[in-house]
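Worksheet for the structure shown next.
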Amino acid sequence: MINSGKARSYLLYAIGEITLVVIGILIALQINNWNEDRKIDKVRNDYIQNMLEDLISDTLNINKLIEYSDKGTMQIGQYFAFFEASDINVPSEQFLDSARNASHCCTRYFPINSTYLEMLSTGNLKLLKEEQRDAMIKLNNMQEFYQILMEKNVSGWLARWQEFKNVHPVTEKGKIYFHKRGVFTQHDMDMALFHFHQVLNSELDVLRGLKFRGLEVKEQTKATIELLQQK
């Protein structure tokens, strides 16, 4: 029967059927893999798009901080220039007025990185290419360091400012109180100026750090954006 033509036809037919089934399974698996890859690509592209938006927003945020730093540095610089150029006969009141005009309320940095944090918490950071992933990790570390450093600097400045206000209240309300009590002497005024001078020195350090670290983060952000835009 095996040698007969009819059996040979059945055998070839069975082999053909098995081959078709195998090919069908392979095609189905390939289509499934293709669909899964397409889903993964969509998730990755969505993440990258959201990260790019975060990075652009954070850059705009840092630009505002740098502008704030430049303005504050210029105004405090004007006070110190006035102080250095003045002679001993200039009343302390004039220096205090100049110092008040120069003083700012120091600001803080809050990174815009919600997409990165989500990818990190869900384990989806692995969807990125290795160089993209490394760039994002480096950038996030720099953002965290920038934020911690600024918090530390601002806290120090606030402590000095509070100490100044507590010991030498030269605000309008403070001046009214001291003048009414008749105890606001020239020495009090000079000591108030001295402490205000120190507060402005501290504030100047904060503003310079704000700009310097901000420029570092901006540079890394630019490099990260370029990597994320690569196909």
Side-chain angles (χ1 to χ4, degrees), residues 55-112 139 142-222:
L55 294 177
I56 292 171
S57 296
D58 194 59
T59 299
L60 295 175
N61 181 32
I62 292 176
N63 284 341
K64 291 180 181 179
L65 295 178
I66 291 174
E67 290 175 7
Y68 179 89
S69 172
D70 287 340
K71 181 180 179 181
T73 300
M74 179 190 68
Q75 291 179 334
I76 294 175
Q78 289 174 345
Y79 160 76
F80 282 117
F82 170 61
F83 182 86
E84 293 296 330
S86 301
D87 59 41
I88 195 171
N89 295 319
V90 176
S92 298
E93 290 88 339
Q94 289 189 25
F95 289 119
L96 285 169
D97 288 339
S98 177
R100 288 192 197 94
N101 292 332
S103 182
H104 285 62
C105 178
C106 283
T107 188
R108 290 176 163 88
Y109 168 65
F110 299 100
I112 301 174
L139 175 60
M142 292 178 68
Q143 289 174 329
E144 287 184 351
F145 178 73
Y146 185 26
Q147 185 178 21
I148 292 171
L149 183 65
M150 291 313 304
E151 283 295 321
K152 181 178 179 181
N153 288 344
V154 170
S155 295
W157 174 82
L158 286 173
R160 293 184 183 92
W161 177 249
Q162 191 60 48
E163 179 185 2
F164 165 74
K165 289 198 300 181
N166 289 340
V167 179
H168 302 286
V170 292
T171 61
E172 288 304 313
K173 291 183 178 180
K175 288 170 67 176
I176 291 172
Y177 170 80
F178 274 104
H179 282 301
K180 186 173 181 63
R181 295 291 295 164
V183 292
F184 196 60
T185 66
Q186 184 60 45
H187 175 73
D188 293 325
M189 186 74 75
D190 291 338
M191 289 305 298
L193 176 60
F194 172 75
H195 281 275
F196 210 157
H197 195 90
Q198 299 300 89
V199 168
L200 288 180
N201 264 316
S202 177
E203 186 174 342
L204 194 59
D205 289 339
V206 173
L207 292 171
R208 286 170 174 166
L210 186 72
K211 179 174 182 177
F212 178 74
R213 296 298 176 185
L215 289 173
E216 282 188 332
V217 174
K218 274 188 65 177
E219 191 64 27
Q220 179 61 29
T221 299
K222 180 181 177 182

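Within the 4.5 Å cutoff, no side-chain heavy atoms of Y109 are placed close to those of L149. With contacts defined as side-chain heavy-atom distances shorter than 4.5 Å, the pair Y68/K64 does not qualify. Put simply, the side chain of I66 reaches to within 4.5 Å of the side chain of L215, judged on heavy atoms. Between Q220 and M142, the closest side-chain pair of non-hydrogen atoms falls below 4.5 Å. Side-chain atoms of R208 and F212, non-hydrogen and from C-beta on, never get closer than 4.5 Å to each other. Residues M150 and R213 fail the side-chain proximity criterion, which asks for heavy atoms closer than 4.5 Å.
Note that the OH atom of Y146 and the CD1 atom of I62 stand 6.0 Å from one another [nearest 0.5 Å]. With values rounded to the nearest 0.5 angstrom, T73 atom OG1 is found 9.0 Å from E203 atom CD. Rounded to the nearest 0.5 Å, atoms CG (L207) and CG (L200) are 10.0 Å apart. Between atom CG of residue D70 and atom CG of residue L210 there is a gap of 9.5 Å, rounded to the nearest 0.5 Å.
In the displayed structure, E219 atom CD is contacted under 6.0 Å by at most 12 heavy atoms of other residues, nucleotides or ligands.
When atom types are taken as modelled, the side chain of S69 and the backbone of L65 share no donor-acceptor pair closer than 3.5 angstrom. Here the side chain of D58 pairs a donor or acceptor atom with the backbone of I112 at under 3.5 angstrom.
Closest approach of S98 and Y79 over heavy atoms only: OG-CD1, 3.4 Å.
Ring geometry for H197 versus F80: interplanar angle over 60°, hence perpendicular rather than tilted (30 to 60°).
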